[in-house]
Amino acid sequence: MDRSLASVAGLALRTTRIVSGLFLLFFVTSHLLNLSLGVISIEAMDAARPYLSTIWSRQPLASLLLLSLLVHFLLGLWAIYRRPTLRTNAQDVVQLLSGVAVIPLLAVHAVGVATLKIDGIPFGYAQAIKFFWLGAPQIGLLQVIMLSVVWVHGCAGLFTWLRAKEGMRNALAWIYPLAVAVPVIALMGYAEAGRGVLIAAQAPPVETPQYAAPAEKPAEAPSTPAKERIPYEVVKQITNQVIWWSLGLAALTFMARAIRLALQTSQKVILTRGSAPPLHTTSGLSLLDSFRAHQHPHASLCEGRGRCGTCAVRITLSEFPLPAPTALEAKTLLRIGADDTVRLACQLVPSGGAVTVEPLHPADYSFKDDDFAEELAAVDASEVRT
Ligand code: FES
């Protein structure tokens, strides 16, 4: 594929991944807000349910949701396959593992809700809380774990995305507390609603007074044929298939990635950064991945996604010609006002030989009040790439 076409495709895939992820995060947030109302009452939860929960099972939102989930999952696997290294920081590892776990954890909830809808069984929070706290507490616990994992995955992705954007520092200061407060209040709502159900279950039954008139026999329902419901075994089978297919796809992705790296023919690269001793690495890795592989910290606010520009380095020597920047790299370099001796360490994969670079930012750099472009322009541009 033509290089610029591949870059544009890469940019489109990344944008799709962000948009689908934001859509899913919106879905989880509205569910958590609905659960939070449990601190008031189950009636309050049910009153808000049509606007915060069941709205997602109506068309076209239901189809969009399913599509976003599938697309986001598959693009996540594609990103894992393409990653040169999995050596990264703790937040990135949490994001990666929670991403793989989302579909298996979501399967029970999604298949259950779809079955109830197809069977036409009305199921509000009054029934759900009773079911999760009295009928099947293990499924209730699974729901809590599922929401927590999806939330952690979504927040990790959101932070990585926003951290890479200049001017988002103030917004993040508001979002961090919300990321903790929203699930905590939702869990409080779930626990409070459950407590009410448990207390009601332990209360003695109300005695019918002796003199009370016998209850009227309910009128016979018109004899319409009962709708056949989906058997439990079928529901269980579908759920298991979703779980095993998603886990199987994830396992295949890791295997394919290992094979790709094993088959990759690479040249030796001697990478020197500043006054540090040279690193012996290969042309299969980006500069950032080489630094990480050797435990050399390097600024990378967007975790190597080519968006923040904080990993920028000035190339002072390259034994062989360097590949041209991709559309994504060129866009970020243009945004930060870089000249043509500057490249992004997360995007540049050298062809081989000796490469010497000067980092433009310290490893613990973060966007502050300073202007990145001005700072970059101030750097001495006298050194040139060979
Ligand atoms: S790490 Fe953000 S652009 Fe390289």
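One-based numbering, in listed order, for ligands and for the atoms of each.
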### Task
Using a strict cut-off of 4.0 Å, indicate which atoms of ligand 1 neighbour a heavy atom of C311.
1 (S), 3 (S), 4 (Fe)
### Message
Strictly under 2.8 Å, is atom 2 (Fe) of ligand 1 approached by any N, O or S atom of C302?
### Response
yes
#### Entry: SB check R273 E358 (cutoff 4.0 Å)
no
### Message
Checking contacts here: is it the side chain or the backbone of R307 that comes within 4.0 Å of ligand 1, counting heavy atoms only? Could be both or neither.
### Response
backbone
### Message
What I want to find out is whether R49 reaches E43 closely enough, with some N-O distance under 4.0 Å, to be called a salt bridge.
### Response
no
### Query
Which of the atoms of ligand 1 are close to G309, meaning less than 4.0 Å from one of its heavy atoms?
2 (Fe), 3 (S)
### Message
Give the atom numbers and elements of ligand 1 that come within less than 4.0 Å of a heavy atom of G306.
### Response
3 (S)
### Task
Mind checking side chain to side chain contact (heavy atoms under 4.5 Å, CB included) for F131 and listing every partner two or more places apart, or none if nothing turns up?
F123, A136, I139
### Task
Quick one: closest heavy-atom pair of P278 and I270, and the distance?
CB-CG2, 3.7 Å
### Message
If the cut-off is 2.8 Å, does any N/O/S atom of C308 fall short of it from atom 2 (Fe) of ligand 1?
### Response
yes
### Summary
Taking only non-hydrogen atoms of G304 and a 4.0 Å limit, the atoms of ligand 1 in range are 1 (S)
### Query
Parallel, tilted or perpendicular for H294 and H296, by the 30°/60° rule?
perpendicular
### Task
Using the test ring-ring contact (aromatic ring centres under 6.0 Å, His included), find all partners of W133 that sit at least two apart in sequence or belong to another chain.
Y190
